[in-house]
Amino acid sequence: MSNTATQLIHSIPVDPLTGAIAVPIYQTSTFVQEAPGVNKGYDYARSGNPTRAALEEIIAKLENGSTGAAFGSGLAAIDAVIKLLKSGDEILAVDDIYGGAFRLFTHIYEKFGITVNYVDATKAENVFNAVTSKTKLIWIETPTNPTLKISDIQAIAKIAKASQCLLCVDNTFASPALQQPLSLGADIVIHSATKYLGGHSDLIAGLVVTKEKELGEKIKFIQNASGAILSPFDSWLVIRGIETLNLRVKQHSFNAQIVATFLETHPDVEKVYYPGLKSHPNHLTAAKQAKGFGGVVSFTLKNDTLKAGTAFVTATRYFKLAESLGGVKSLLCQPALMTHKSIPAEKRKAAGVADSLIRLSVGLEEADDLINDLKQAFLINNLNINPLTKSLADQAGI
Ligand SMILES: Cc1ncc(COP(=O)(O)O)c(C=O)c1O
């Protein structure tokens, strides 16, 4: 199934009990039973809640999978997938991985005897060469965070099948509105639903979707056994976000293309990372496997220092300095000092996350206003105005 706006909107059920057009919030911890074990499908809300169940069914449909499971954060969703493994197993992960996933793998799971190897997955042959007999899980993000590298999901899925290991794709940046990894051969998709699925910077949530029911049952078991579930209210917020997902992601992508094109011609910019640009090394793979290129754009400055990056990210007005992405308001951040701080500098730089790299989450404002905001930030940088006293720039009418 590809996600047309109609399919997406009507994947959200009308309440069978009352006809409510919006999914009701079942704010309850337990469910009354007629006799021990005789109930209406729910007994205790960690094991199952109708609002969360509605979200889990919706995301399973949108990702073309069999089973969805909702967690209290994207990291809790990643954690649940890693719990499928056992001591002695290996994970082969994309090198430009989200910093939080790197921290979880290294500081929690290596302690339990799970080894993680990293590879530049933009070339499928690198993945093929790095798989060992102990590899039980291949972990990719595509696009990656924050250098927007693209991996060929279909090619890597074939390698995973041939090597009898699972392929999990972190689909946070693309969202199912643009890309459906399970349809391309992946076994598991995870989301930080905090981002595009929620879409309004007002919640933290994570989702796992499996292609096969049997694997889905294992994830559901882990969800109940470990207990990192999403609350009914946050489940409802994610459902509400999903209602407008297609519309929002289309506009995010449209604005991001304009911003990336502007940055590519700016004299202070060294490099722009956006899969929608023809200059992006994996542009064709991105165009083949996704319906659009998303709302995240990264770039580096010619003056590639932590200081110059910090000066820029504190000089914008519409782009707010904050971690996260995928919301209505534009955000920006300096991964070297924020999201990727937990990755050692050498490893971080080797994966392309330069000191001055700036990641933009392009929001839903007018594209012209965003361009003007970036222009004035470059200007402030060049004039060497202390960004913390931006009022000077205001007085100067810049
Ligand atoms: C690609 C990606 N995956 C997972 C996560 C973790 O999600 P959460 O912050 O919801 O735990 C993030 C968070 O930034 C992310 O960017």
Side-chain angles (χ1 to χ4, degrees), residues 8-63 65-81 83 100 172 175-177 189-210 216-248 323-324 326-329:
L8 189 134
I9 289 165
H10 289 279
S11 66
I12 298 166
V14 170
D15 180 41
L17 205 61
T18 62
I21 193 90
V23 173
I25 302 170
Y26 286 90
Q27 193 68 40
T28 185
S29 61
T30 194
F31 301 83
V32 175
Q33 311 194 11
E34 286 162 41
V38 181
N39 56 51
K40 295 183 167 64
Y42 297 95
D43 51 18
Y44 184 62
R46 174 169 25 77
S47 315
N49 172 286
T51 316
R52 197 176 86 224
L55 170 61
E56 292 173 336
E57 275 168 36
I58 291 163
I59 193 64
K61 257 189 219 154
L62 295 185
E63 285 289 8
S66 70
T67 312
F71 294 86
S73 70
L75 268 172
I78 296 173
D79 183 70
V81 175
K83 282 179 174 147
T172 297
S175 91
V189 158
I190 76 103
H191 281 282
S192 168
T194 312
K195 312 294 176 353
Y196 289 103
L197 291 167
H200 295 77
S201 308
D202 55 9
L203 62 94
I204 300 281
L207 297 166
V208 178
V209 185
T210 64
E217 276 161 16
K218 289 183 185 168
I219 292 287
K220 288 275 195 188
F221 179 85
I222 292 167
Q223 182 192 37
N224 184 45
S226 292
I229 49 154
L230 191 64
S231 75
F233 181 63
D234 285 347
S235 298
W236 181 84
L237 277 177
V238 178
I239 293 171
R240 194 168 71 154
I242 286 174
E243 284 186 323
T244 55
L245 180 71
N246 266 10
L247 197 60
R248 285 186 289 103
E323 300 200 356
S324 204
V328 168
K329 284 183 183 162

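Computed from a prediction, not measured in an experiment: that's the story for all the values here.
In terms of the side-chain contact (heavy atoms from CB on, under 4.5 Å) criterion, residue partners of His200 (sequence neighbours excluded) are, by chain and number, Asp202, Thr244, Arg248, Val328. Taking the ring pair (Phe, Tyr, Trp, His ring centres under 6.0 Å) definition, one finds that Tyr196 meets it with His252, sequence neighbours left out. Partners of Leu203 according to the side-chain contact (heavy atoms from CB on, under 4.5 Å) rule, which considers only residues two or more places apart in sequence or in another chain, are Ala205, Asp234, Leu237, Val238. Under the side-chain contact (heavy atoms from CB on, under 4.5 Å) criterion, Ser226 pairs with Lys83, Ile222, not counting sequence neighbours. Every residue meeting the side-chain contact (heavy atoms from CB on, under 4.5 Å) condition with Glu323, not counting sequence neighbours, appears here in chain and number order: Met338, Thr339.
His191 contributes atom NE2, which lies 7.0 Å from atom OG of Ser175 (distance to the nearest 0.5 angstrom). Interatomic distance, CD1 of Ile219 versus OG1 of Thr210, reported as 7.0 Å (0.5 Å rounding). Rounding to the nearest 0.5 Å gives a distance of 7.0 Å between CD1 of Ile204 and NZ of Lys195. With values rounded to the nearest 0.5 angstrom, Ser231 atom OG is found 9.0 Å from Ile25 atom CD1. Taking CG from Leu197 and CD1 from Ile59, the interatomic distance works out to 5.0 Å, rounded to the nearest 0.5 Å. The CD1 atom of Ile21 sits 10.5 Å away from atom OG1 of Thr18, with the distance rounded to the nearest 0.5 Å.
Within the 3.5 Å criterion, the main-chain N or O of Ala22 finds no donor-acceptor partner in the side chain of Arg240. With Glu56 contributing its side chain and Ala70 its backbone, the two residues share a donor-acceptor pair below 3.5 Å. Side chain of Gln223 to backbone of Phe71: no donor-acceptor contact under 3.5 angstrom is found. Side-chain N or O atoms of Lys220 include one that pairs as donor or acceptor with a backbone N or O of Gly68 at under 3.5 Å.
What you find for Ile190 and Gly74 is that their closest heavy atoms are CD1-O, 4.5 Å. The two residues Ile9 and Glu243 make their nearest non-hydrogen contact at CG1-O, 3.8 Å. When every heavy atom of Ser324 is checked against every heavy atom of Thr194, the shortest pair comes out as OG-CG2, 4.2 Å. Annotation for Leu62 and Ser11: closest pair CD2-OG, 3.9 Å, computed over non-hydrogen atoms. When all heavy atoms of Tyr42 and Phe31 are compared, the pair lying nearest together is O-CB, 3.4 Å.
Applying the side-chain hydrogen bond (donor to acceptor under 3.5 Å, both in side chains) test to residues at least two apart or on different chains, none of the pairs has a partner in residues 21-30.
Residue Ser235 forms a side chain to side chain contact (heavy atoms under 4.5 Å, CB included) with just one option from Thr51, Ile229, Val23, Asn49, and that option is Thr51.
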*Can you check side chain to side chain contact (heavy atoms under 4.5 Å, CB included) on Ile58 and Ile239, steps first, answer last?*
CA-CA 8 Å; Ile58 291 163; Ile239 293 171; 4.0 Å; yes
_Walk me through whether Leu207 and Leu55 qualify under side chain to side chain contact (heavy atoms under 4.5 Å, CB included)._
CA-CA 9 Å; Leu207 297 166; Leu55 170 61; 3.9 Å; yes
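Looking at heavy atoms from C-beta onward, Pro176 lies out of side-chain contact with Ile242 at the 4.5 angstrom threshold.
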